[in-house]
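Notes follow the structure.
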Amino acid sequence: MPKALIIGGGVAGPATALFLHRAGWQVEIFEARSAPAPYGGLFLNVATNGLAVLDELGLRDRLVSDGHLSPHMVMLSGRGARLGVVPNGPAGDPARGSVVVRRAWLHEVLREAITDAGIPLAFDARLDRVEETPDAVVAHFADGRSVRGDVLIGADGVGSIVRTAIDPKAPAPAPSGLISVGGFSRVPGLAPTPGEQYMVFGAKSFFGYLVRDDGTAYWFANVTAPALGRAETRAMTDEDWLTRLRDLHAYDPYPVPQILEHVEGEIGAYPLSDLTHVPHWHRGRLVLVGDAVHATSPSAGQGASLALEDAIVLARHLRDAADHEQAFAAYEHDRRPRAEEVVKYARAVNRNKRVTKSRLGIALRDAMLPRFLRSASSDTRNDHLYNHVVRW
Ligand SMILES: Cc1cc2nc3c(=O)[nH]c(=O)nc-3n(C[C@H](O)[C@H](O)[C@H](O)COP(=O)(O)OP(=O)(O)OC[C@H]3O[C@@H](n4cnc5c(N)ncnc54)[C@H](O)[C@@H]3O)c2cc1C
């Protein structure tokens with residue numbers, strides 16, 4: 001039985017493991033973190049195409065059971081004017097809209113399935129380097145242990161070291177100039193927003209929120225901060241962020257300032273970056289999936305869904321191809337155009353989120369957006385992203 005070593009226990013890693021296990025492979029997952037965190041990584045949108053992959057795994061309903069169905073995104077100006085409604089799924093088919101879930105819940109649903117399948121997942125297992133021999137690949141971990149396999153799958157996220165093991169000259173992620181800061185709040189009396197997320201083009205920063213039936217608000221702000229890198233972002237405390245956010249959103253419409261006054265638990269802050277084109281997706285016995293090879297900014301709400309699609313496509317080719325090299329080539333052929341399209345699309349959305357300080361710029365944007373959004377509500381040009389279904 002061939003053996004795959006999977007580096008990364010985020011989204012792409014466990015999903016790839018489940019499909020490969022189904023194809024008869026022996027699989028092991030290695031995750032650098034010490035343990036799962038119930039609120040770590042905040043929340044994310046799983047789009048209809050990602051849900052279709054979870055459906056193939058029999059996990060769709062389990063995920064949705066603790067999700068906020070969100071087929072519509074209501075766009076508001078910084079003064080609270082309703083600019084328009086954008087479908088978060090195929091236009092004209094709202095019932096099939098996407099779902100927002102805590103990231104940790106998505107991880108938990110995948111992890112439960114992994115446990116049920118008997119697939120080993122090791123925490124505290126940080127890949128340090130990779131060694132290739134003619135008939136195997138050996139993963140060396142930071143704690144000194146080494147594990148041998150037939151292939152190694154880099155599902156190790158945007159900062160992937162498998163990417164540089166494949167190609168030392170692989171591009172580094174490009175910063176977007178935006179930092180996503182988010183968390184959870186409970187505002188007394190704030191009504192739930194069933195079926196909807198709200199996006200506010202605030203005067204000084206972009207803000208998104210939804211309110212679950214139990215009154216918990218999931219919120220994020222995209223702060224324009226080109227000079228802040230990963231280290232500086234990490235150095236800022238939750239109080240630093242809250243002070244900054246309360247200032248940036250002080251004059252935004254209800255309930256934005258109120259959400260920022262009633263934050264519960266920790267705040268997460270992530271500098272957003274992306275990878276538009278990674279020249280080498282695989283080499284020898286090594287291959288990349290998910291953010292490691294096509295990190296996309298969250299503005300398209302597609303990163304996790306693309307990671308899930310990679311998982312099924314790669315595993316299917318490993319199931320069917322004569323050898324791993326043919327499988328990797330077929331996988332790249334299938335996946336590269338779609339992944340690069342989404343990354344570019346998300347990058348284009350970011351342009352509207354970056355905040356210009358000029359009053360004229362804001363006035364022009366608020367005047368143009370309703371026209372653009374009116375056509376977006378019936379625009380079917382993105383339907384192929386949402387309607388994409390990969391069958392096992
Ligand atoms: C703020 C923010 C909001 C987002 N919102 C959305 C959204 O709404 N919708 C959406 O679809 N996507 C969203 N994304 C993107 C989404 O999170 C990613 O696209 C998705 O998680 C990719 O899954 P992955 O498994 O490829 O990578 P990850 O989920 O990043 O998992 C990689 C894993 O590898 C582990 N790892 C890293 N290095 C090593 C190593 N050396 N050894 C072992 N393990 C290692 C990491 O600890 C991590 O657990 C968002 C991203 C951010 C930053």
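Nothing fancy with the numbering, it's 1 onward along the sequence. Indexing begins at 1, ligand by ligand and atom by atom, following the structure's order.
In this model, a donor atom of one side chain and an acceptor atom of the other lie less than 3.5 Å apart for Asp240 and Thr237. When only modelled atom types and interatomic distance are considered, Asn88 and Asn45 share a side-chain donor-acceptor pair under 3.5 Å. Checking Glu340 against His294 by side-chain atom types alone, no donor-acceptor pair falls below 3.5 Å.
When only non-hydrogen protein atoms are considered, atom 2 (C) of ligand 1 lies nearest to Pro298 CG, 3.7 Å. Scanning the protein for heavy atoms near atom 26 (O) of ligand 1, the closest one is Asp291 N, 2.8 Å. Among protein heavy atoms, atom 9 (N) of ligand 1 sits closest to Asn45 O, 2.9 Å. Of all protein heavy atoms, the one lying nearest to atom 40 (C) of ligand 1 is Leu127 N, 3.7 Å. Protein heavy atom in closest approach to atom 15 (C) of ligand 1: Gly303 CA, 4.2 Å. Nearest protein heavy-atom contact of atom 6 (C) of ligand 1 is Leu44 CB, 3.5 Å.
Remark: Glu131 CD is packed, more than 12 non-hydrogen atoms of other residues, nucleotides or ligands lying under 6.0 Å away. The number of heavy atoms from other shown groups lying within 6.0 Å of CZ (Arg145) is above 12.
Of the listed residues (Asp156, Ile29, Ile6), the one carrying the non-hydrogen atom nearest atom 37 (C) of ligand 1 is Asp156. For atom 28 (P) of ligand 1, the candidate residues are Ala15, Ala304, Gly10; the nearest heavy-atom contact is made by Gly10. If you check each of Arg103, Gln302, Gln197 against atom 52 (C) of ligand 1, the one with the closest non-hydrogen atom is Arg103.
With ligand atoms numbered from 1 in the order given, ligand 1 contributes 43 (C), 44 (N) to contacts under 4.0 Å with heavy atoms of Phe30. The contact set between ligand 1 and Gly8, taken as ligand atoms under 4.0 Å from a residue heavy atom, comprises 33 (C), 34 (O), 35 (C), 44 (N). Every atom of ligand 1 with a heavy atom of Ala125 under 4.0 Å away is listed here by number and element: 42 (N), 43 (C). Ligand 1 places these atoms under 4.0 Å from at least one heavy atom of Gly157: 27 (O), 30 (O), 32 (C). Each of the following atoms of ligand 1 lies closer than 4.0 Å to a heavy atom of Ile7: 42 (N), 43 (C). Near Gly290, meaning under 4.0 Å from any of its heavy atoms, are these atoms of ligand 1: 26 (O). Which parts of ligand 1 touch Val11 is read off a 4.0 Å heavy-atom cut-off, strictly below it: atoms 21 (O), 23 (O), 25 (O), 29 (O).
At a 3.5 angstrom cut-off on N or O pairs, Tyr270 does not count as close to ligand 1. At least one N or O atom of Glu31, backbone or side chain, sits closer than 3.5 Å to an N or O atom of ligand 1. Of the polar atoms of Ser180, none of the N or O atoms is found under 3.5 Å from an N or O of ligand 1, judged by distance alone. In terms of N/O distances under 3.5 Å, ligand 1 is not approached by Gly13. For a threshold of 3.5 Å applied to N or O pairs, the pair formed by Ala12 and ligand 1 contains at least one separation below that value. Annotation: Ala32 places an N or O atom under 3.5 Å from an N or O atom of ligand 1; distance criterion only.
Contacts between Phe220 and ligand 1, counted as non-hydrogen atom pairs separated by less than 4.0 Å, are absent for every part of the residue. Within the 4.0 Å heavy-atom criterion, the part of Ala155 lying near ligand 1 is the backbone and not the side chain. At a heavy-atom cutoff of 4.0 Å, ligand 1 is contacted by no atom of Ser160, backbone or side chain.
Between Phe141 and Phe30, the angle of the ring planes lies from 30° to 60°, which puts this pair in the tilted group. Ring planes of Phe220 and Phe206: tilted class, angle from 30 to 60°.
Remark: aromatic rings of Trp281 and Tyr331 are close, center separation under 6.0 Å.
Geometrically, Arg319 engages Trp392 in a cation-pi contact, judged by NZ or CZ lying under 6.0 Å from the ring centre and within 45° of the ring axis.
The minimum heavy-atom distance linking Trp219 with Ser185 is given by the pair NE1-OG, 3.0 Å.
Each of Ile114, Asp116, Val27 was compared with Leu18 under the side chain to side chain contact (heavy atoms under 4.5 Å, CB included) criterion, and only Ile114 meets it.
The pair Glu309-Arg338 meets the salt-bridge criterion, with a side-chain N (NZ, NE, NH1 or NH2) lying under 4.0 Å from an Asp/Glu carboxylate O. Classification of Asp150 and Lys3 as a salt-bridged pair fails, no side-chain N sitting under 4.0 Å from a carboxylate O. The pair Arg347-Asp274 meets the salt-bridge criterion, with a side-chain N (NZ, NE, NH1 or NH2) lying under 4.0 Å from an Asp/Glu carboxylate O. A salt bridge does not link Glu108 to Arg102: none of the charged side-chain nitrogens sits closer than 4.0 Å to a carboxylate oxygen.
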